[in-house]
There are 2 protein chains.
Amino acid sequence: MDHSCTVYKTMDYLAKKWTIMILLELHKGREWKRFSELKASMKDITPKVLSSRLKELEDEGLVENRMDSTAFPVRSEYRLTESGKDLMNVIHDIKMWALRWKIQNEPCKHLDCRLCVL
Amino acid sequence: MDHSCTVYKTMDYLAKKWTIMILLELHKGREWKRFSELKASMKDITPKVLSSRLKELEDEGLVENRMDSTAFPVRSEYRLTESGKDLMNVIHDIKMWALRWKIQNEPCKHLDCRLCVL
DNA sequence: CGGTATCCTTTCGGATACTG
DNA sequence: CAGTATCCGAAAGGATACCG
């Protein structure tokens with residue numbers, strides 16, 4: 001397997017567990033979201049996984065973080081970058097493909113599919 | 001994590017190791033490709049993984065198989081279905097996104113990026 | 001040829017406790 | 001609050017041998 005393939009590399013982190021959901025949460029509503037807020041919005045995600053996904057997405061340039069260390073407790077927030085927002089269009093294309101060819105699929109349950117911001 | 005999300009489910013099998021490469025191989029050149037031919041074209045893939053990926057893709061309706069059991073040795077061939085071909089457009093969109101935002105990436109090495117059928 | 005069966009290593013992610 | 005550290009079980013995938 002060749003990890004130099006740009007498509008492969010992209011899929012590789014996008015498909016990790018929770019990644020899409022995190023992007024989705026960051027895409028909804030207000031820009032900046034706190035760690036605890038993200039955690040609360042995703043039932044069952046563990047802090048370890050959330051932390052490591054956010055770090056990966058930062059490394060890939062899809063997410064940016066700002067921190068206020070002077071505050072106590074420390075305030076840390078995340079949002080999508082421009083490339084992150086643009087990626088949501090691609091994810092939308094994936095959804096459209098799926099709806100074109102997978103009509104027999106059950107609608108998503110964790111979110112109302114019609115309200116899904118994807 | 002909710003496995004009812006159609007986007008998540010799609011990403012889930014697309015990002016498995018070798019899947020994209022297999023789709024790419026099926027997308028190139030002649031329609032029907034033999035098992036051994038696919039295997040030979042992907043250095044290092046094991047028969048177990050190739051077999052299981054092809055099965056997943058068949059289950060998802062992206063790939064179809066035809067077999068001639070009367071021949072000896074048995075002749076088995078695979079090709080993309082219509083939805084599989086359509087998915088290549090989505091994969092192309094992913095590539096375009098990556099090229100838009102990841103210009104600093106090294107070009108792919110396993111294939112000449114400019115010749116890549118994606 | 002076109003796979004399957006078996007074994008084994010590595011990676012992933014869940015659970016939980018802890019800290020500045 | 002915003003993570004990190006540790007431990008653990010499950011699952012993925014590589015290596016290899018084998019079979020109709």
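Sequence lines set the chain letters: A, B, ... in the order given, protein chains first and strands last, and positions in each chain run from 1.
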Does a side-chain N-to-carboxylate-O contact under 4.0 Å join Arg30(A) and Glu37(A)?
yes
Just the rounded figure in Å: distance from C1' of dC1(C) to CG of Leu54(B).
15 Å
Distance in angstrom units between Leu50(B) CG and dA15(D) P, rounded:
15 Å
At their closest point, which heavy atom of Ala15(B) faces which heavy atom of Met11(A), and how far apart are they?
CB-O, 3.5 Å
Could you state the atom-to-atom distance from CG of Asp12(A) to P of dA12(D) in whole Å?
15 Å
Rounded to whole Å, how long is the line connecting atom CE of Met42(A) with atom C1' of dG14(C)?
16 Å
Need to verify one output field. Residue with the more 5' nearest nucleotide on DNA chain C, Val74(A) or Ile45(A)?
Ile45(A)
Side-chain N or O of Tyr78(B) versus OP1/OP2 of dG3(C): is the shortest distance under 4.0 Å?
yes
Give a yes/no answer on whether the side chain of Ser51(B) brings an N or O atom under 4.0 Å of OP1 or OP2 in dG3(C).
no
Enumerate the protein-to-nucleotides 8-13 of chain C contacts in which both atoms are nitrogen or oxygen and the separation is below 3.5 Å.
from	atom 1	to	atom 2	distance (Å)
dG13(C)	OP1	Lys17(A)	N	3.2
dG13(C)	OP1	Arg53(A)	NH2	2.7
dG13(C)	OP2	Arg53(A)	NH2	2.3
dG13(C)	N7	Lys48(A)	NZ	3.4

Inter-end axis angle, the helix from dC1(C)-dG20(D) to dG20(C)-dC1(D), with every axis fitted to five base pairs (rounded, 10 degrees)
50°
Treating Lys33(B) as the side-chain partner and Glu25(B) as the backbone partner, does any N or O pair qualify as donor plus acceptor under 3.5 Å?
yes
Under 4.0 Å: is that the gap between some side-chain N or O of Lys55(A) and OP1 or OP2 of dA2(D)?
no
Counting heavy atoms from C-beta on, name the nucleotide in dC1(D), dG3(C), dG3(D) closest to the side chain of Ser76(B).
dG3(C)
For the side chain of Thr10(A) and the backbone of Thr6(A), is there at least one donor-acceptor N/O pair under 3.5 Å apart?
yes
Distance check needed: dG3(D) C1' versus Glu37(A) CD, whole Å only.
16 Å
Please give, in whole Å, the distance from dG3(C) P to Arg66(B) CZ?
14 Å
Go through the steps for Ile22(A) and Tyr78(A) under the test side-chain contact (heavy atoms from CB on, under 4.5 Å), then give the verdict.
CA-CA 10 Å; Ile22(A) 293 170; Tyr78(A) 300 85; over 6 Å; no
Grab the CZ-P distance between Phe72(A) and dG3(D) for me, whole Å please.
14 Å
Looking only at heavy atoms, what is the nearest atom pair of Val90(B) and Trp97(A), with distance?
CG2-CB, 3.7 Å
Atom CE of Met67(A) and atom C1' of dT4(D) are separated, to the nearest Å, by 13 Å
CD1/Ile20(A) to CD1/Ile91(A) distance, rounded to the nearest 0.5 angstrom?
4.0 Å
Hey, is the main chain of Lys17(A) close enough, under 3.5 Å, to the side chain of Arg53(A) for a donor-acceptor pair?
yes
Using a cut-off of less than 4.0 Å, is there contact between a side-chain N or O of Arg75(B) and OP1 or OP2 of dG2(C)?
no
With the threshold set at 4.0 Å, does a side-chain nitrogen-carboxylate oxygen contact exist between Lys55(A) and Glu58(A)?
no
